[in-house]
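Below is one structure; the comments refer to it alone.
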Amino acid sequence: MKETLKKVMRRAWEIKKENIKNIFSICLKMAWAEIKETTKKVKTKFNDFRFEGFELKRKSNKYFSTTSRINNNESKIIVNVADEHLLETKYGYALILDKNHVVFVKDWQVSANFYGNEVVLDKKYFNVKEWGNFNNFAEMKENLTWESWLNTAIAQQNKEVRWAK
């Protein structure tokens, strides 16, 4: 927030210096409009990256939705997981795969909402790490591969994805 205010004030003074007769309050309004527009563009570009290959629809002001859980080239999937499979960490989340294995994901890859926990997984960054000891889980070597999670996404294909913004 402070960084945004600095940008707005800096831009407002730049506009003011362009023509000394400009009224500063109008310069502020113009600066806010410019910053707001660039923020929208960045957000749109980020969602294009996050949901690349998915046909995303705006469901409401709070949710995106898509009927497909697998993108066009099967490099990204969206899976629905239970609460006990997600562990919040300092830098995001750990998706618990079995007793000793996790995949670390960023918080922007997880949507925990009323409809459940949706996780976007990217094949490129699907790195299984041996971390922790989760006694609630059995040792399941088949859960440690991308293909098994792809099959999970295929099995969940009939369930609509609802992603909180």
Side-chain angles (χ1 to χ4, degrees), residues 1-4 7-8 32-165:
M1 183 67 177
K2 275 187 178 182
E3 201 60 36
T4 305
K7 286 180 185 177
V8 169
W32 269 116
E34 286 179 19
I35 299 294
K36 205 174 190 181
E37 188 61 34
T38 53
T39 305
K40 279 183 182 177
K41 286 179 184 175
V42 168
K43 200 172 194 180
T44 303
K45 286 180 184 177
F46 178 70
N47 280 331
D48 290 345
F49 160 74
R50 177 172 36 181
F51 298 113
E52 180 183 357
F54 293 102
E55 292 180 27
L56 212 57
K57 298 174 195 135
R58 177 172 260 170
K59 202 65 164 174
S60 69
N61 287 339
K62 290 188 176 186
Y63 292 101
F64 291 123
S65 78
T66 179
T67 51
S68 175
R69 289 186 170 271
I70 304 164
N71 75 346
N72 301 337
N73 58 0
E74 295 184 351
S75 63
K76 287 187 179 182
I77 58 174
I78 302 174
V79 291
N80 187 288
V81 297
D83 289 338
E84 53 267 6
H85 278 273
L86 285 174
L87 178 67
E88 198 163 356
T89 66
K90 185 176 180 180
Y91 301 106
Y93 289 90
L95 176 63
I96 302 169
L97 306 177
D98 75 354
K99 189 173 183 171
N100 301 47
H101 296 90
V102 298
V103 170
F104 291 105
V105 294
K106 299 289 184 185
D107 52 357
W108 55 264
Q109 291 177 271
V110 177
S111 175
N113 59 56
F114 176 76
Y115 300 101
N117 301 315
E118 303 288 355
V119 181
V120 173
L121 296 174
D122 192 328
K123 186 176 186 176
K124 204 180 335 179
Y125 303 110
F126 189 81
N127 298 321
V128 177
K129 303 286 183 187
E130 192 170 324
W131 184 77
N133 187 12
F134 308 103
N135 294 326
N136 313 14
F137 294 87
E139 215 168 297
M140 298 173 64
K141 297 290 182 201
E142 64 273 5
N143 274 358
L144 306 181
T145 64
W146 171 259
E147 287 72 26
S148 70
W149 286 90
L150 181 62
N151 291 334
T152 301
I154 291 169
Q156 295 176 353
Q157 195 73 310
N158 61 351
K159 187 177 181 188
E160 182 181 36
V161 176
R162 294 203 183 183
W163 194 275
K165 293 180 183 177

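Throughout, numbering of the chain's residues begins at 1 and tracks the sequence.
Judged by distance alone, the side chain of Q156 and the main-chain N or O of N80 form a donor-acceptor pair under 3.5 Å. Under the 3.5 Å distance criterion, the side-chain polar atoms of S148 are matched with a main-chain donor or acceptor of E142. A donor-acceptor pair under 3.5 Å links the side-chain atoms of N71 to the main chain of K76, judged by distance alone. Checked by atom type and distance alone, the side chain of H85 pairs as donor or acceptor with a backbone atom of I96 at under 3.5 Å. Using modelled atom types, no side-chain atom of Q109 and backbone atom of V119 make a donor-acceptor pair closer than 3.5 Å. A donor-acceptor pair under 3.5 Å links the side-chain atoms of Q157 to the main chain of R69, judged by distance alone.
In this structure, W146 and L121 approach most closely via the heavy-atom pair CH2-O, 3.5 Å. Scanning all heavy atoms of the two residues, the minimum distance from W108 to R50 falls at O-NH1, 2.8 Å. Scanning all heavy atoms of the two residues, the minimum distance from F51 to F64 falls at CE1-CD1, 4.3 Å. Nearest heavy-atom pair across S68 and V161 is O-CG2, 4.4 Å. The shortest non-hydrogen separation linking A112 to N117 is CB-OD1, 3.2 Å. In this structure, S111 and A164 approach most closely via the heavy-atom pair OG-N, 3.0 Å.
A cation-pi arrangement is absent between K90 and F104 under the rule of less than 6.0 angstrom and at most 45 degrees off the ring axis.
Annotation: the span from N136 atom CG to D98 atom CG amounts to 12.5 Å, rounded to 0.5 Å. With rounding to the nearest 0.5 Å, the separation of OH in Y93 from CD in E88 is 4.0 Å. Between the CG atom in N72 and the CZ atom in F54 there is a gap of 8.5 Å [rounded to 0.5 Å]. Atom CG of N135 and atom CG of N100 lie 9.0 Å apart (nearest 0.5 Å). Atom CD of E74 sits about 5.0 Å away from atom CG of L150, to the nearest 0.5 Å. Rounded to the nearest 0.5 angstrom, E84 CD and F134 CZ are separated by 12.5 Å.
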For this session: Take I78 and T66 through the side chain to side chain contact (heavy atoms under 4.5 Å, CB included) test and state the conclusion after the steps.
Result: CA-CA 10 Å; I78 302 174; T66 179; 4.2 Å; yes
Exercise. Which is it for N143 and F137 under the side chain to side chain contact (heavy atoms under 4.5 Å, CB included) test, yes or no, and what are the steps along the way?
Worked result: CA-CA 11 Å; N143 274 358; F137 294 87; over 6 Å; no
Exercise. Under the side chain to side chain contact (heavy atoms under 4.5 Å, CB included) criterion, do V81 and W149 qualify, and how do the steps go?
Worked result: CA-CA 11 Å; V81 297; W149 286 90; 4.0 Å; yes
Exercise. Can H101 and E139 be said to form a side chain to side chain contact (heavy atoms under 4.5 Å, CB included), step by step?
Worked result: CA-CA 9 Å; H101 296 90; E139 215 168 297; 5.7 Å; no
Validation: residues 122-133 side-chain donor-acceptor distances under 3.5 Å, sequence neighbours left out:
from, atom 1, to, atom 2, distance (Å)
D122, OD1, K124, N, 3.0

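In this structure, the side chains of V102 and L95 stay at 4.5 Å or more apart for every pair of heavy atoms.
Considering only residues two or more places apart in sequence or on other chains, Y115 meets the ring-ring contact (aromatic ring centres under 6.0 Å, His included) condition with Y63. Residues satisfying the salt bridge (charged side-chain N to carboxylate O under 4.0 Å, His left out) test with R162, not counting sequence neighbours, are E160.
Under the 4.0 Å criterion applied to side-chain N and carboxylate O atoms, K57 and E55 are not assigned as salt-bridge partners.
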